[in-house]
Amino acid sequence: MKLISYPQDFCSVLTDNCFRFGELNPEQATEIKFWLATDSDPIHLGTKRYVGQAEVAAQPATYLRHHLAPEPHFAPSCAFVYPAGRNLRAYVSWDNDTARSVKVGYTTSQSDIAAPAVVDGHYSHRQIARGENDEVGFVVPADTMMTMAMKLSNGQVISLNKSSSTQAGLWILCVDIDWVMERLENPDEVDSFELELKIAGQLETTIHYDIVERPSTALRLGWLTPEGTIGYHTFQTPMEERTEAERVEVETTSQGAVVAGVKGYTTHRLRSGTLAPEQFALLRTLATSPMVWRIGAKGEQEQVALLSAKAVSGGATKAEVEVVVRSKHKQRYW
């Protein structure tokens with residue numbers, strides 16, 4: 001048998017990226033093994049057997065999805081971070097493991113990416129408040145220089161450089177606004193900044209941040225976006241907070257009905273209010289996200305269940321999103 005083609009680096013686990021083989025003997029069973037490459041020993045993901053075919057397309061995506069672990073990542077500063085839970089490298093072997101393919105990089109993006117590229121740079125106007133974090137996602141080959149320049153409204157510039165070293169794939173630039181403010185001579189005079197991201201010396205994106213105030217009742221959510229990054233939005237005031245409980249009663253012959261257990265949870269109904277077009281473009285991806293987190297005031301995170309979501313755009317003057325979330329797991333009292 002012969003390996004005809006294999007997926008390119010930075011492909012998505014959600015698209016049809018196959019290892020294609022030809023020149024198989026249809027009269028004999030052929031086994032292809034799937035492996036996850038790690039820093040130590042590789043992990044055997046599974047084996048597929050083919051009979052009666054001269055050509056096959058071996059798809060590893062169903063195995064790989066079980067090993068993805070995307071989550072918000074907050075650095076205690078502005079920093080370039082390689083989120084391992086959003087990157088995987090896999091390969092296949094055959095002929096009793098005597099032959100194997102190259103290692104292919106996969107990401108949590110919903111589409112394949114041609115690197116280098118900033119995957120969420122089109123959300124170029126954002127808001128951030130004291131105590132909040134944000135991230136900018138991009139994909140780079142190994143040994144690529146990444147450069148950030150943060151130009152603040154008072155004329156001060158904060159810069160940062162890092163090489164991707166041997167770690168190709170999806171990277172994020174963590175933005176910690178408190179870390180920024182601590183480095184300013186007069187932080188109260190700064191109400192915005194421009195973040196420039198260069199990859200291999202080329203300017204790839206410029207993102208404008210407005211520094212805003214939030215009420216104490218604000219609730220911040222993070223979610224996995226179609227680009228494989230974590231999007232963030234702070235809902236100013238919950239429309240409704242509701243606590244619901246499910247009571248389980250058991251009939252007994254001596255005491256009648258007794259409560260055997262109570263399961264309860266609290267839901268929050270949140271409405272964004274009127275959004276600018278780029279804010280709406282980002283926030284509407286929350287409605288179909290497979291993973292959502294509630295972000296605490298100190299960066300703590302709790303995965304929540306998205307019970308319902310509605311994104312409505314009435315033209316250029318009105319666009320808003322409404323969601324209902326609750327804790328991922330019900331609480332049992334006894």
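Only this structure's heavy atoms are used, side chains among them; waters, hydrogens and symmetry mates stay out. Quick note: residue numbers are just sequence positions, from 1.
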Problem - Atom OH of Y82 with >12 non-hydrogen neighbours under 6.0 angstrom - result: yes

Problem - Inter-residue atom distance T107.OG1 - L68.CG, 0.5 Å rounding - result: 8.5 Å

Fill in the blank from the handout: Of all heavy-atom pairs linking V140 and P116, the shortest is CG1-CB, 4.4 Å

Practice task
Answer yes or no: is there an ion pair linking E31 with K48, defined by an N-O contact shorter than 4.0 Å?
Solution key: no

Handout entry: K198 atom NZ, neighbour heavy-atom count above 12 within 6.0 Å
Key = no

Handout entry: Any side-chain heavy-atom pair of N186 and N154 under 4.5 Å
Key = no

Exercise for the section: Provide the closest heavy-atom pair for M145 versus S163 in the form atom of the first, atom of the second, distance. Expected result: SD-N, 4.1 Å

Fill in the blank from the handout: Closest non-hydrogen contact found for C174 with V81 is SG-CG2, 3.8 Å

Practice task
Salt-bridge test for R326 and E240: reply yes if a basic N is under 4.0 Å from a carboxylate O, no otherwise.
Solution key: no

Handout entry: Rounded distance [0.5 Å steps], CD in E182 versus CD1 in I177
Key = 10.5 Å

Practice task
Using atom types as modelled and distance alone, determine if a side-chain donor or acceptor of Q279 lies under 3.5 Å from a backbone N or O of A276.
Solution key: yes

Problem - Any L197 side-chain heavy atom under 4.5 Å of F80 side chain - result: yes

Handout entry: Within one Ile-Leu-Val-Met-Phe-Trp-Tyr cluster: F74 and I158, side-chain cutoff 4.5 Å
Key = no

Practice task
Classify the side-chain pair H208/Q127 by whether it contains a donor and acceptor separated by less than 3.5 Å.
Solution key: no

Practice task
Identify whether the distance between the nearest side-chain nitrogen and carboxylate oxygen of E322 and R269 falls below 4.0 Å.
Solution key: yes

Handout entry: Common cluster, F10/L64, ILVMFWY with side-chain heavy-atom separation under 4.5 Å
Key = no

Problem - NZ/NE/NH1/NH2 to OD/OE distance under 4.0 Å, R126 and D120 - result: yes

Practice task
Please work out which of the three classes, parallel, tilted or perpendicular, describes the rings of F193 and Y209, given edges at 30° and 60°.
Solution key: parallel

Exercise for the section: Apply the test side chain to side chain donor-acceptor pair (under 3.5 Å) to residues E135 and T229: give CA-CA distance (whole Å), side-chain angles for both, the deciding distance (0.1 Å), then the verdict. Expected result: CA-CA 8 Å; E135 71 172 51; T229 60; 4.5 Å; no

Handout entry: Heavy-atom closest pair, residues K2 and E23
Key = CD-OE2, 3.8 Å

Handout entry: Test log, rule side chain to side chain contact (heavy atoms under 4.5 Å, CB included), inputs M1 and D95
Key = CA-CA 8 Å; M1 61 185 295; D95 286 347; 4.1 Å; yes

Practice task
Assess the side chains of E227 and T225: does a donor N or O sit below 3.5 Å from an acceptor N or O?
Solution key: yes

Exercise for the section: Decide yes or no on side chain to side chain contact (heavy atoms under 4.5 Å, CB included) for W223 and H233, but give the supporting numbers first. Expected result: CA-CA 9 Å; W223 66 95; H233 184 82; 3.9 Å; yes

Exercise for the section: Could you please spell out the steps behind the side chain to side chain contact (heavy atoms under 4.5 Å, CB included) verdict for K162 and L160? Expected result: CA-CA 7 Å; K162 185 176 178 60; L160 181 69; 5.8 Å; no

Exercise for the section: Using the salt bridge (charged side-chain N to carboxylate O under 4.0 Å, His left out) rule, take R20 and E55 through it: C-alpha gap first, then chi angles, then the decisive distance, then the call. Expected result: CA-CA 7 Å; R20 299 186 181 277; E55 295 186 0; over 6 Å; no

Exercise for the section: Keeping the roles fixed (side chain from D178, backbone from G131), state whether a donor-acceptor pair exists under 3.5 Å. Expected result: yes

Problem - Cluster check I199, V136: I/L/V/M/F/W/Y, side chain < 4.5 angstrom - result: yes

Exercise for the section: Indicate whether any N or O donor in one side chain lies under 3.5 Å from an N or O acceptor in the other, for E132 and T234. Expected result: yes

Practice task
Taking atom types as modelled, find out whether W94 and T30 have a side-chain donor-acceptor pair closer than 3.5 angstrom.
Solution key: no

Practice task
For R220, look at atom CZ and say whether over 12 heavy atoms of other residues, nucleotides or ligands are found less than 6.0 Å away.
Solution key: yes

Practice task
Please check if M291 and L219 belong to a single hydrophobic cluster, counting links between Ile, Leu, Val, Met, Phe, Trp and Tyr side chain heavy atoms closer than 4.5 Å.
Solution key: no

Practice task
Could you grab the distance from atom CG of L3 to atom CZ of F19, nearest 0.5 Å is fine?
Solution key: 7.5 Å

Practice task
State, with a plain yes or no, whether a side-chain heavy atom of W179 is found less than 4.5 Å away from one of P76.
Solution key: no

Problem - Side-chain donor-acceptor contact under 3.5 Å, Q59 with D16 - result: yes

Practice task
Compute the ring centroids of Y123 and H125, then answer whether they are less than 6.0 Å apart.
Solution key: no

Fill in the blank from the handout: Residues L170 and P83: closest non-hydrogen pair is O-CD, 3.2 Å

Practice task
Assess the side chains of T15 and D112: does a donor N or O sit below 3.5 Å from an acceptor N or O?
Solution key: yes

Practice task
Supply the atom-to-atom distance T38 OG1 to L88 CG, rounded to the nearest 0.5 angstrom.
Solution key: 11.0 Å

Handout entry: Side-chain donor-acceptor contact under 3.5 Å, S192 with D210
Key = no

Exercise for the section: Start with the C-alpha gap between T147 and N161, add the side-chain angles, then the distance that decides, and say whether side chain to side chain donor-acceptor pair (under 3.5 Å) holds. Expected result: CA-CA 5 Å; T147 304; N161 297 296; 2.9 Å; yes

Handout entry: Side-chain donor-acceptor pair present, T266, T243, cut-off under 3.5 Å
Key = yes

Practice task
Please check if the distance between the ring centroids of W171 and F138 is under 6.0 Å.
Solution key: no

Handout entry: Cluster link I32 to V104, ILVMFWY, side chain under 4.5 Å
Key = yes

Practice task
May I have the step-by-step check of salt bridge (charged side-chain N to carboxylate O under 4.0 Å, His left out) for D9 and R89, ending in yes or no?
Solution key: CA-CA 9 Å; D9 269 335; R89 296 194 70 79; 3.6 Å; yes

Practice task
Carefully, step by step, assess M148 and S159 under the rule side chain to side chain contact (heavy atoms under 4.5 Å, CB included).
Solution key: CA-CA 5 Å; M148 175 204 77; S159 60; 5.8 Å; no

Completion exercise
Note: W293 and L224 closest approach over all heavy atoms is CZ3-N, 3.8 Å

Handout entry: Under 3.5 Å donor-acceptor, S313 side chain and A319 backbone
Key = no

Practice task
Answer with yes or no whether the side chains of E302 and S327 bring together a donor and an acceptor at under 3.5 Å.
Solution key: yes

